[in-house]
Each structure stands twice: as structure tokens, then as C-alpha cells.
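Worksheet: the structure to be examined is printed underneath.
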There are 2 protein chains.
Amino acid sequence: MILDSETKAVELPNEHGDELRLWLRLLTCTTLIEGEVRGRLRERFDVTLPRFDLMAQLDKAPEGMTLSDVSKRMMVSNGNVTGLVERLVESGHLDRRTSESDRRVQVIRLTKAGRAEFRRMAAEHETWIADIFAELTPRDVRELMRLLAKTKGSAQKSASRREA
Amino acid sequence: MILDSETKAVELPNEHGDELRLWLRLLTCTTLIEGEVRGRLRERFDVTLPRFDLMAQLDKAPEGMTLSDVSKRMMVSNGNVTGLVERLVESGHLDRRTSESDRRVQVIRLTKAGRAEFRRMAAEHETWIADIFAELTPRDVRELMRLLAKTKGSAQKSASRREA
DNA sequence: CCGTATTTCTTTAAGCTTCAAATAATTGGC
DNA sequence: GCCAATTATTTGAAGCTTAAAGAAATACGG
């Protein structure tokens with residue numbers, strides 16, 4: 001505690017400085033890795049990161065997903081998904097059809113060509129990620145996973161407090 | 001180790017699965033927090049996150065920064081900065097002048113109004129961040145800082161290997 | 001000096017992204 | 001069955017972002 005010339009308690013600008021620094025470091029790490037992955041995807045496959053991410057979601061869902069599902073999973077807006085899907089259908093990577101049970105719903109899935117293309121990219125992508133995290137020990141990885149899970153939980157609670 | 005029907009070693013699709021999962025979790029955390037901060041900045045101050053980030057850089061540099069400096073610090077492209085600065089000069093938050101010693105260089109700094117506005121936003125922003133990370137203990141924070149520093153180093157080395 | 005390379009910034013085209021409003025289809029209460 | 005509320009998606013406007021190419025100024029080697 002520091003007292004100023006009038007002997008009143010003064011708050012240093014450091015009250016939550018650690019959390020702020022942590023957030024900036026988290027953001028830096030993500031931006032760095034994201035940029036690296038984006039660059040490699042472009043160089044090697046001439047594909048954008050959002051397209052790759054969308055295809056990754058669909059690869060895990062052979063029966064297809066609705067646009068809302070994709071939107072939630074990717075944590076992006078609905079309108080964003082609409083545009084992404086449009087371009088990927090156009091390029092032949094995705095198949096899109098209206099649900100028969102609910103005509104509001106669009107179900108999308110990878111085409112055969114889209115899946116093959118994605119698998120090719122994903123195999124290399126995995127080696128890039130391994131290289132990027134190469135200096136972390138298995139123990140570091142586990143510990144980071146744990147702390148990030150805790151962070152995610154904390155952030156979600158904070159978010160739900162706000163929307164309430 | 002798993003052996004297939006021909007008694008040959010088979011690589012499960014899990015060779016680097018841990019790193020991949022770590023990357024996805026890192027990305028999820030960042031996206032979550034970023035969305036939360038963006039939403040609050042919009043609600044409370046009707047400002048975008050990139051503008052806030054740019055002003056934050058300038059607040060730390062009272063003598064001003066060149067556009068290249070900003071570009072490196074924010075890890076975004078030059079063209080991106082040009083546009084951001086344009087809009088912030090337009091709105092009266094930034095002052096921009098050509099360097100006298102090198103006429104290629106543009107030096108930008110916060111105007112008086114811009115600095116006041118930023119300080120107001122930053123004070124609240126800090127409490128949001130504290131709330132978002134509220135469930136982490138001081139020890140968690142320290143440990144995350146350490147592991148993310150290690151991650152950043154690892155990623156930077158990987159990036160420099162590629163560009164070489 | 002001169003010319004070439006480098007640095008700094010802007011421009012352009014394409015795509016990504018959000019938010020908010022609009023449209024369309026379904027659900028649920030009465 | 002009908003109407004209001006809800007849900008799924010699209011649209012439109014604004015802004016963000018990148019990569020690549022170009023313009024202007026400086027640096028530097030010969």
C-alpha cells in the first residue's frame with residue numbers, strides 16, 4: 001500500500017495488471033500461430049483459414065451439420081457462415097440441401113472431393129502444429145490444457161453474467 | 001502400440017493429437033474472450049476492438065509511433081493500419097504528421113481527446129479482463145504466463161524456420 | 001555522384017466479419 | 001385452426017484484414 005502526499009490510500013495502476021498481461025500474452029500467442037497457419041495454408045494449398053476451419057468441422061460430422069450448428073461451433077455469426085458456405089459450395093467442396101423435416105434448415109456436408117482435399121490438408125496441418133509446439137514437453141502440454149480449460153470456464157461464466 | 005492384421009506397426013491418427021487439441025483450446029479461449037471484449041466495447045463505448053487496440057499501443061508511446069511500428073506491434077499488415085489510422089484521424093482521436101527527418105514516415109499519436117477517451121475505456125476494460133479471469137488463482141496466472149511465454153518462443157522459432 | 005536496393009506507406013481486389021434488420025418456417029397456446 | 005413468439009437463415013452496410021503491387025523517399029556501394 002502506498003500513501004500519497006495527503007496520506008490517502010492510492011491505487012496504483014497495477015490492481016489487475018497481471019490478468020491484463022496474461023490476456024495480452026494469450027492474444028499474442030494465438031495471433032502468432034494463426035498467422036503462421038494461415039500463411040502455410042495459403043502457400044501450400046491456396047486456401048484460407050476460415051475455409052479450412054469450416055471443412056474441419058464438417059469432416060467430424062459425416063451426416064452433415066446445419067448452418068446454426070456450424071455458427072455455434074466456429075463461434076462466428078450466422079451471416080458469416082452463409083457467405084463462407086456459399087463460396088465453398090461454389091468451389092465444389094460442399095454439398096448443401098434443405099432439410100426435409102424443417103424447411104428453414106440448410107444441411108451442409110463435404111463432397112467426396114471436398115473431403116479428400118481436406119484430408120490432404122489436415123495431414124500436413126497436423127505436422128505444422130506439432131512443429132509450432134515442438135518445444136513444449138508433454139507435461140507442459142497437459143498443464144496448458146488444464147489451465148486453458150479453467151480459463152475457458154471462467155470466461156464463460158463471466159460472459160453469462162453479462163448477458164443475464 | 002497397436003498391430004494390425006499383418007503384424008505391422010500402425011500409426012493411430014493420434015501422433016500429434018495432443019498438440020492439435022491444445023491449439024484448438026487456445027484458439028477457443030482467445031475467440032471467446034475476444035468476442036466478450038468486443039461486445040462490451042461496442043455496448044459501452046461504441047468502439048471496435050481494433051480501434052481500441054491501436055489506441056492502447058499509442059497510449060504507451062506518448063512521443064508517437066510510426067505506422068510500421070504499429071503494424072509490427074499489432075501483428076497486422078501495413079495496409080490494415082493505414083485504414084484504421086485514417087478512420088481514427090477522421091474521428092479526432094489521432095493526430096498524424098509526416099516525419100521531418102524522413103518524409104516516408106508518418107508519425108501518429110493520440111490527441112488530447114483521444115487519450116482521455118482511451119483512458120476512460122481502458123479503466124473499464126481492465127475490470128472486464130479481471131472478471132473474465134476471475135477463477136484463476138495468482139498461481140494459475142503465473143503458470144499460464146510462463147507456459148505461454150514458452151509457447152510463444154516455440155512458435156517464433158517454428159516461424160523463423162519456415163521463412164528461412 | 002549515380003543507380004540499385006531497401007524501406008515506408010498507400011492502394012486495390014478479394015474475402016472475412018459483425019451487427020442489425022428482414023424473411024421465412026415452425027411451434028405453442030388458446 | 002389462428003396468431004404470437006420463436007428459430008433458421010439471408011441480406012445489407014460498415015468495417016476489418018490480407019496479399020500483392022505500386023509510389024515515394026532514403027541508403028548505400030561503386
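- For the OP1/OP2 pair of D:dT9 and a distance below 4.0 Å, the side-chain nitrogens and oxygens of A:S68 include at least one atom meeting the criterion.
- Between A:R104 and A:G83, the residue anchored closer to the 5' end of DNA chain C is A:G83, taking for each the nucleotide with the nearest heavy atom.
- Within the nucleic acid shown, B:D102 comes within 4.0 Å of sugar-phosphate atoms alone, with no base atom in reach, counting heavy atoms only.
- Which of D:dT9, D:dC16, D:dA8 sits closest to the side chain of A:L67 comes down to D:dT9.
- Using a 4.0 Å cut-off on heavy atoms, the residues of residues 27-62 of chain B that approach DNA chain C are B:R42, listed by number.
- Between the P atom of D:dT9 and the CZ atom of A:R97 lies a distance of 15 Å, rounded to the nearest Å.
- Side-chain contact check for B:S99 and B:S101: at least one donor-acceptor pair (N or O, by modelled atom type) lies under 3.5 Å.
- Side chain to side chain, A:T98 and A:Q106 meet the donor-acceptor criterion of an N or O pair below 3.5 Å.
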Which is it for A:E63 and A:R109 under the salt bridge (charged side-chain N to carboxylate O under 4.0 Å, His left out) test, yes or no, and what are the steps along the way? CA-CA 7 Å; A:E63 72 295 343; A:R109 61 188 75 184; over 6 Å; no

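- The number of heavy-atom neighbours closer than 6.0 Å to CD of A:E43, taken from other residues, nucleotides and ligands shown, is above 12.
- Taking the salt bridge (Lys or Arg N to Asp or Glu O under 4.0 Å) definition, one finds that A:E86 meets it with nothing, sequence neighbours left out.
- With B:T30 as reference, A:T30 is the one residue of A:T151, A:T30, A:T31 to meet the side-chain hydrogen bond (donor to acceptor under 3.5 Å, both in side chains) rule.
- Read 5' to 3', the first and last nucleotides of DNA chain C with an atom closer than 4.0 Å to a heavy atom of chain A are C:dG15 to C:dT26.
- Put simply, CG on B:L84 is 6 Å from P on D:dT17, counting in whole angstrom units.
- The side chain of B:N80 approaches D:dT18 more closely than any other nucleotide in the set D:dT18, D:dA8, D:dA25.
- Within the nucleic acid shown, B:M75 comes within 4.0 Å of sugar-phosphate atoms alone, with no base atom in reach, counting heavy atoms only.
- Each of A:T82 and B:S101 was matched to the nucleotide of DNA chain D holding its nearest heavy atom; the match closer to the 5' end belongs to A:T82.
- Side-chain N/O atoms of A:T137 and A:D140 include a donor and acceptor closer than 3.5 Å.
- A salt bridge links B:E117 to B:R120: one of the charged nitrogens lies within less than 4.0 Å of a carboxylate oxygen.
- A donor-acceptor pair shorter than 3.5 Å cannot be found between the side chains of B:D95 and B:T111.
- With rounding to whole Å, A:R103 atom CZ is found 17 Å from D:dT10 atom C1'.
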